[in-house]
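Presented below is the structure to which this report refers.
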Amino acid sequence: MEGLPPVDFRGDLNEEQYAAVTSPRGPALVLAGAGSGKTRTLTYRVAWLLHQGARPWDILLLTFTNKAAKEMLERVEDLTGVPRGQFWGGTFHSIGQRILRANAAAAGRSPDFTIIDQKESEQLYSEIIKSEDGAFIKDKTNPKAPVILDAYSHARNTLRPTEEVMTERLDWMKGGPEKLLRFCNLYEEAKRARNLCDFDDLLSLWLRVLESDPAALAHYRRRFRHILVDEFQDTNRLQSRIIDLLADEHQVMAVGDDAQCIYTWRGADWENIVSFPQRHPGTVIHTIDTNYRSTPEILAFANEILRHRPKVEGFDRRLRAVRRSGAMPIVFTVGDTSQQAKLVGRRILQLHHEGQALADMQVLYRAHYQSLELQMELNALGVPFVITSGHKFFDLAHVKDVLAHLRFIHNPLDRVALSRLLCLLPKVGPASAEKIITAAMAAEASQGRGWVRALRADSVLRKVPESAKSDFTDLALTLEDMLEGVETARAKPAPSAPAPDLFEASRENAAERVARTPAETVRVCVEGWYGTHMRTLFPDWKDREQDLQGLVGFASKFEDVGDLVAQVALLNGEASDKKAEPEEDMLRLTTIHQSKGLEFPVVFLLGAADGLLPLTRAIEDGDVEEERRLFYVACTRAMNSLQIFSPRFAVSGEGYRPLDPCRFIEEMSPDCYELADYAHRRL
């Protein structure tokens with residue numbers, strides 16, 4: 001392309017980057033390690049192609065976020081002067097909708113189709129269920145539209161048979177998937193009739209166009225002479241199939257890191273990147289392993305993590321450092337998760353007093369609930385912090401629902417808590433909830449047995465919509481069971497025998513059991529009506545179940561439900577509640593998933609123990625290798641200091657749950673870290 005400013009490719013890039021950027025036309029796989037300058041490599045690749053005569057519209061750049069696409073194209077414009085609008089660059093979904101509007105007929109739509117969001121998809125699906133089989137909706141044990149749609153979406157994005165995925169993911173549902181398949185077919189017909197596309201259609205219909213319209217496929221193969229795909233390890237089978245079809249001449253460069261594939265639960269397929277050379281014969285593999293982020297000691301630790309993963313030919317990796325030596329990573333062995341919180345708090349204060357800014361320190365953990373004890377400790381120490389991984393734990397909808405149960409049985413005059421619970425029921429909104437509450441007030445005044453027991457009065461039940469009566473009765477029974485335990489706890493000491501595991505007891509057994517501690521009270525709640533409600537309503541109910549297990553452990557620290565409720569209010573209302581401003585010096589807390597792509601001078605990693613990282617569920621399901629990749633991602637966020645904490649016990653509703661040492665650390669050479677044993681020390 002003429003008129004481009006000169007670019008010093010040789011001077012601006014290291015040898016590994018230069019080799020990838022100047023790779024000849026043909027299939028190429030760039031394995032870009034953590035902190036190795038992946039974005040820089042992609043940016044310069046686009047500039048190189050332009051200097052070799054490619055036109056901007058010959059290049060298709062696919063990313064996973066609009067932010068990444070915008071950043072890359074802005075850099076290309078700064079480097080070459082070519083306006084970013086001349087390129088075909090963006091997310092898979094944004095490029096898909098452009099192609100669908102130009103080929104709408106082949107996709108079964110007209111060009112002015114409307115894209116509906118997740119909520120609108122769920123509303124449409126619910127309409128279909130209601131019109132096709134009203135009894136299905138009324139059966140409270142059946143999954144709701146969001147749960148079914150989530151399984152359907154997974155099937156579409158992984159190119160697996162819908163029936164197979166439905167059977168696998170909804171194995172708790174009564175009956176087979178035949179009825180769900182009928183709903184899905186009607187959903188597709190409704191979208192086609194109304195000229196609608198959901199987000200999955202932007203990919204699945206794009207694939208349909210390429211597979212069913214030879215002229216369209218030939219056009220885009222000619223049009224996109226150079227295809228660049230960022231974060232290729234995160235592609236699902238549907239996205240990978242689209243790329244394979246477009247790259248008929250193998251004019252594709254895939255950039256990614258197989259060691260950072262951590263989204264298989266969203267459909268990402270690790271096999272896409274490792275099988276790329278087989279699908280594209282003649283692939284040249286470039287490795288970019290020079291790391292500009294971390295010290296040699298941290299990289300030696302990260303390399304040890306990779307050394308023990310299953311071997312794949314051509315994918316051996318070893319990060320190389322350019323920075324000077326620093327401190328060795330430290331693995332702290334602690335007695336339990338409470339001691340872990342105290343030690344982390346002490347280490348943070350120590351570094352801060354030595355001049356390290358709080359904003360330069362990051363606490364990472366596998367799951368939200370694993371940070372609860374640390375949050376309490378930080379509040380006690382007066383350390384300001386912000387949680388950057390979405391909602392705070394106690395702001396999560398399912399956690400707030402369980403807390404509303406606790407608030408109401410502790411203080412039956414808490415109408416806000418009761419209204420929240422009532423609005424969880426079918427066909428009950430704020431107005432209906434207020435009518436039920438007013439009826440309960442009148443029943444309590446006449447019976448004198450308390451608000452909780454007044455809920456089951458006939459006069460109250462008459463105010464409940466017919467479709468909600470069954471759920472309402474179960475909710476009222478659960479609240480009575482919880483109240484009975486609270487009242488008993490005030491009169492009798494707690495039993496010494498451990499209670500059954502969360503969610504394992506049947507609802508009937510839960511109704512018979514008397515809860516005596518706050519932890520057991522939480523357990524009665526989630527084993528009662530709310531457990532069934534959560535499973536049918538939330539696609540990620542297993543993750544939410546895990547959160548509630550964490551809530552049981554948190555509740556075990558209290559002897560009274562009132563103290564538990566008060567502490568939660570304080571945790572939500574103190575320093576951790578505000579958002580961090582750019583100029584504020586605040587500690588950051590986040591999940592490992594949310595930390596990907598970021599870097600921090602100091603990293604504290606919580607819960608490096610079997611059962612926490614890797615999670616128990618991952619061990620049981622055979623997903624340990626993804627947990628290893630998560631561990632690798634967490635450790636490679638650290639620039640100067642990596643401090644890992646390995647508890648021997650987790651505090652749970654049953655007391656102390658033993659944890660095995662983290663298998664990823666156990667298999668590593670002890671020469672790559674310092675071991676500090678605090679398990680028998682008092683803090």
Side-chain angles (χ1 to χ4, degrees), residues 34-35 291 293-305 319 321 323 325-367 370-371 373-375 377-378 381 383 385 387-389 585-592 594-595 598-609 612-613 630-648 650 659 661-662 664-666 668-681 683:
N291 178 286
R293 174 186 299 158
S294 306
T295 61
E297 290 76 11
I298 292 173
L299 295 184
F301 189 89
N303 286 332
E304 266 293 288
I305 301 172
L319 297 174
R323 295 185 55 196
S325 289
M328 292 278 284
I330 307 176
V331 176
F332 293 92
T333 302
V334 293
D336 57 34
T337 50
S338 292
Q339 188 187 36
Q340 172 182 257
K342 287 183 171 57
L343 182 56
V344 172
R346 176 185 289 186
R347 299 287 296 181
I348 289 168
L349 284 179
Q350 178 183 343
L351 286 174
H352 190 47
H353 290 156
E354 293 172 357
Q356 185 77 60
L358 291 174
D360 288 339
M361 294 185 254
Q362 188 88 8
V363 179
L364 302 181
Y365 37 83
R366 177 64 178 85
Q370 295 175 7
S371 70
E373 289 165 303
L374 179 60
Q375 290 182 46
E377 182 67 18
L378 294 174
L381 294 173
V383 176
F385 67 93
I387 298 172
T388 60
S389 51
D585 188 23
M586 299 180 73
L587 179 72
R588 266 68 173 169
L589 279 66
T590 192
T591 62
I592 299 173
Q594 292 293 324
S595 73
L598 304 177
E599 59 185 33
F600 318 100
V602 180
V603 166
F604 298 93
L605 176 59
L606 305 184
L612 300 177
L613 178 62
L630 274 167
F631 186 50
Y632 172 79
V633 166
C635 295
T636 52
R637 300 311 95 199
M639 300 166 65
N640 307 326
S641 174
L642 173 61
Q643 303 186 31
I644 300 171
F645 298 82
S646 181
R648 294 184 176 179
L659 300 168
C662 177
F664 307 134
I665 297 176
E666 286 289 287
M668 296 171 67
S669 167
D671 296 334
C672 67
Y673 62 90
E674 292 181 11
L675 182 63
D677 191 348
Y678 277 72
H680 304 291
R681 301 190 197 181
L683 294 179

Inter-residue atom distance [X].[atom1] - [Y].[atom2], 0.5 Å rounding:
X: S641; Y: I330; atom1: OG; atom2: CD1; answer: 6.5 Å
X: M668; Y: Y673; atom1: CE; atom2: OH; answer: 7.0 Å
X: M639; Y: F600; atom1: CE; atom2: CZ; answer: 10.0 Å

Which heavy atom of [X] sits nearest a heavy atom of [Y], and at what distance?
X: E373; Y: T337; answer: OE1-OG1, 2.8 Å
X: C672; Y: P329; answer: O-CD, 3.7 Å
X: S646; Y: A608; answer: OG-O, 2.8 Å
X: G607; Y: L612; answer: O-CB, 3.3 Å
X: S294; Y: T636; answer: OG-O, 4.2 Å

| field | Test log, rule side-chain contact (heavy atoms from CB on, under 4.5 Å), inputs L613 and I592 | value | CA-CA 11 Å; L613 178 62; I592 299 173; 4.1 Å; yes
Using a 4.5 Å cut-off on heavy atoms from C-beta on, say whether the side chain of [Y] contacts that of [X].
X: L605; Y: F631; answer: yes
X: L659; Y: P647; answer: yes
X: R347; Y: F604; answer: yes

Pairs under 3.5 angstrom only: tabulate donor-acceptor contacts from the side chains of residues 355-364 to other protein residues two or more places apart or in another chain.
none

| message | List the residues meeting salt bridge (Lys or Arg N to Asp or Glu O under 4.0 Å) with E377, not counting sequence neighbours, and say none if there are none. | response |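 Applying salt bridge (Lys or Arg N to Asp or Glu O under 4.0 Å) to E377 gives none.
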Can you give the donor-acceptor pairs under 3.5 Å from side chains of residues 298-305 to other protein atoms, not counting sequence neighbours?
unit_1 : atom_1 : unit_2 : atom_2 : d
N303   : OD1    : L319   : N      : 2.8
N303   : ND2    : L299   : O      : 3.2
N303   : ND2    : L319   : O      : 3.0
E304   : OE1    : R307   : NH2    : 3.4
E304   : OE1    : S669   : N      : 2.7
E304   : OE2    : R307   : NE     : 2.6
E304   : OE2    : R307   : NH2    : 3.2

| request: Check the pair Y365, L374 against side-chain contact (heavy atoms from CB on, under 4.5 Å), reporting the backbone distance first and the verdict last. | output: CA-CA 11 Å; Y365 37 83; L374 179 60; over 6 Å; no
| message | Suppose we screen for side-chain contact (heavy atoms from CB on, under 4.5 Å). Which residues come up paired with A679, at least two apart in sequence or across chains? | response |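 Once residues adjacent in sequence are excluded, the partners of A679 under the side-chain contact (heavy atoms from CB on, under 4.5 Å) criterion are T333, R648, D677.
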| task | Return the set of residues passing side-chain contact (heavy atoms from CB on, under 4.5 Å) with M328 (not counting sequence neighbours), or none when no residue passes. | result |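 Partners of M328 by the side-chain contact (heavy atoms from CB on, under 4.5 Å) criterion, ordered by chain and then number, come out as E297, E674.
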Just by modelled atom types, is the [Y] backbone N or O under 3.5 Å from a matching donor or acceptor in the [X] side chain?
X: Q340; Y: V334; answer: no
X: Q339; Y: Y678; answer: yes
X: R323; Y: P296; answer: no
X: T591; Y: Q594; answer: yes

| field | With Q350, the side chain to side chain contact (heavy atoms under 4.5 Å, CB included) member among H352, H353, E354 | value |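 That would be E354.
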| What's the verdict on side-chain contact (heavy atoms from CB on, under 4.5 Å) for R366 and L630, showing C-alpha distance, side-chain angles and the deciding distance? | CA-CA 8 Å; R366 177 64 178 85; L630 274 167; 3.3 Å; yes
| message | Please determine whether side-chain contact (heavy atoms from CB on, under 4.5 Å) holds for the pair L378 and L589, giving the CA-CA distance in whole Å, both sets of side-chain angles, and the decisive distance to 0.1 Å. | response | CA-CA 11 Å; L378 294 174; L589 279 66; 4.1 Å; yes
| Can you pull the salt bridge (Lys or Arg N to Asp or Glu O under 4.0 Å) pairs that have at least one residue in residues 630-641, sequence neighbours excluded? |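 Qualifying pairs, neighbours excluded: none.
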